[in-house]
2 protein chains.
Amino acid sequence: MKINQLSKLTNVLSKTIRYYEDVGLLPKASRNSNGYRDYSSSDVDNLIFIRRCRELQIPLEKIKVLIQVQTDTTSSCSEVDLLIEQQLENVRKTINELSLLEKTLHTLAKSCSNDIVGECEILKNLKQ
Amino acid sequence: MKINQLSKLTNVLSKTIRYYEDVGLLPKASRNSNGYRDYSSSDVDNLIFIRRCRELQIPLEKIKVLIQVQTDTTSSCSEVDLLIEQQLENVRKTINELSLLEKTLHTLAKSCSNDIVGECEILKNLKQ
DNA sequence: GATAAACCTTACTGTTGGAGTAAGGTCAAG
DNA sequence: CTTGACCTTACTCCAACAGTAAGGTTTATC
């Protein structure tokens with residue numbers, strides 16, 4: 001199949017598919033006589049795997065690792081476990097940071113009931 | 001004062017100070033005879049204001065607006081209120097998205113108790 | 001007075017994960 | 001035969017800096 005069909009089957013833009021190939025996340029696509037990329041159903045599976053990982057905000061370099069690990073199905077999956085665990089930790093850490101930020105912004109937003117910039121409590125708070 | 005002293009007083013890297021000047025967030029610094037940038041105490045205040053905004057993850061373009069608004073102290077501060085409110089909304093939205101992500105990752109992390117990649121439930125889940 | 005460390009300058013590249021655009025080749029339908 | 005949909009590579013752009021190179025200046029020490 002051509003790239004646009006792969007795109008529709010996987011919900012990944014053609015542009016993005018070429019990009020993944022460029023950065024080595026997907027193998028070099030085989031070409032047919034006119035130079036167009038030619039994909040098979042296994043490419044669909046690979047790309048859906050990548051898309052799922054991206055939905056979990058796993059960075060491309062780590063997705064590479066997850067793909068690499070699967071080349072030997074008898075190897076330990078501890079690396080996979082660890083990677084997901086780290087990703088979970090990252091997300092939790094970010095949530096905590098943003099929660100603090102939310103509190104600060106909420107307090108700030110409520111602080112000003114004036115109309116004039118010169119007396120704006122928000123701006124005064126931002127200057128400390 | 002020279003850029004490094006301004007940097008120490010504000011906790012903003014010299015590099016970043018020059019960058020802020022480049023993108024128009026800070027006015028062009030005056031220079032003394034050897035070509036070094038020369039700052040005053042008002043620059044300290046301006047930069048601390050910018051740093052506080054950045055701590056709240058307000059993008060540089062919006063900080064520009066916040067600075068611009070203050071040139072006329074008699075103008076309304078509704079624009080400031082709105083900007084902070086939008087920033088708060090952005091943060092809340094991101095927190096919500098990340099919370100969903102956290103659930104998914106947590107479920108995923110718990111799903112595999114095998115040792116072998118070929119039977120790893122995490123990887124199987126990622127392929128759907 | 002020499003020299004080395006610390007500091008200053010501009011300018012260019014790299015980061016992440018693509019999106020946008022240009023300039024052109026190919027293919028199927030009407 | 002032309003139009004529109006699709007394909008190709010290659011380049012630039014985004015945010016907010018950080019890293020590095022290559023060079024000029026100042027200050028402290030020997």
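Excluded from the calculations below are hydrogen atoms, water molecules and symmetry mates; all remaining heavy atoms, backbone and side chain alike, are included. Every chain is numbered from 1 and lettered A, B, ... according to where its sequence line falls, protein lines coming before strand lines.
With values rounded to the nearest 0.5 angstrom, A/Leu60 atom CG is found 5.5 Å from A/Tyr19 atom OH. B/Ile84 contributes atom CD1, which lies 6.0 Å from atom CG of A/Leu105 (distance to the nearest 0.5 angstrom). Atom-to-atom distance recorded for A/Leu47:CG and A/Arg54:CZ is 12.5 Å, nearest 0.5 angstrom.
Rounded to 10 degrees, the angle separating the terminal helix axes of the helix from C/dG1-D/dC30 to C/dG30-D/dC1, each built from five base pairs, is 20°.
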message = Assess the residue pair B/Leu108 and A/Leu88 against the criterion (side chain to side chain contact (heavy atoms under 4.5 Å, CB included)); give the C-alpha distance rounded to whole Å, side-chain angles, the decisive distance to 0.1 Å, and a yes or no.
response = CA-CA 10 Å; B/Leu108 193 60; A/Leu88 182 54; over 6 Å; no
query = Which is it for A/Leu13 and A/Ile17 under the side chain to side chain contact (heavy atoms under 4.5 Å, CB included) test, yes or no, and what are the steps along the way?
reply = CA-CA 6 Å; A/Leu13 290 177; A/Ile17 297 172; over 6 Å; no
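Of the residues in residues 44-65 of chain A, none has a non-hydrogen atom less than 4.0 angstrom from any atom of DNA chain D. Scanning residues 10-33 of chain A for heavy-atom distances under 4.0 Å to DNA chain C yields A/Leu13, A/Lys15, A/Thr16, A/Tyr19, A/Tyr20.
With respect to the salt-bridge test (charged N to carboxylate O, under 4.0 angstrom), the residues A/Glu21 and A/Arg37 qualify.
Under the salt bridge (charged side-chain N to carboxylate O under 4.0 Å, His left out) criterion, the residue pairs touching residues 38-52 of chain B are B/Arg51-B/Glu55, B/Arg52-B/Glu55, with sequence neighbours excluded. Listed by first then second residue, pairs satisfying salt bridge (charged side-chain N to carboxylate O under 4.0 Å, His left out) with a partner in residues 60-74 of chain A read A/Glu61-A/Lys64, not counting sequence neighbours.
Side-chain atoms of A/Thr16 never come within 3.5 Å of backbone atoms of A/Val12 as a donor-acceptor pair (strictly under, hydrogens ignored). With hydrogens and angles ignored, the 3.5 Å screen pairs a side-chain donor or acceptor of B/Ser99 with a backbone N or O of B/Ile95.
Each of A/Tyr36 and B/Gly35 has a nearest nucleotide on DNA chain C; the 5'-most of these lies closest to B/Gly35.
The closest side-chain heavy-atom distance from B/Thr71 to A/Val117 is not below 4.5 Å. Counting heavy atoms from C-beta outward, B/Arg92 and A/His106 have side chains that approach closer than 4.5 Å.
If you take CG of B/Asn34 and P of C/dC8, they are 10 Å apart, rounded to a whole angstrom.
A/Asp115 and B/Ser76 form no side-chain donor-acceptor contact under 3.5 Å, judged by distance and modelled atom types alone.
Taking 4.0 Å as the cutoff to heavy atoms of chain A, we find the contact window on DNA chain D bounded by D/dC6 to D/dA10.
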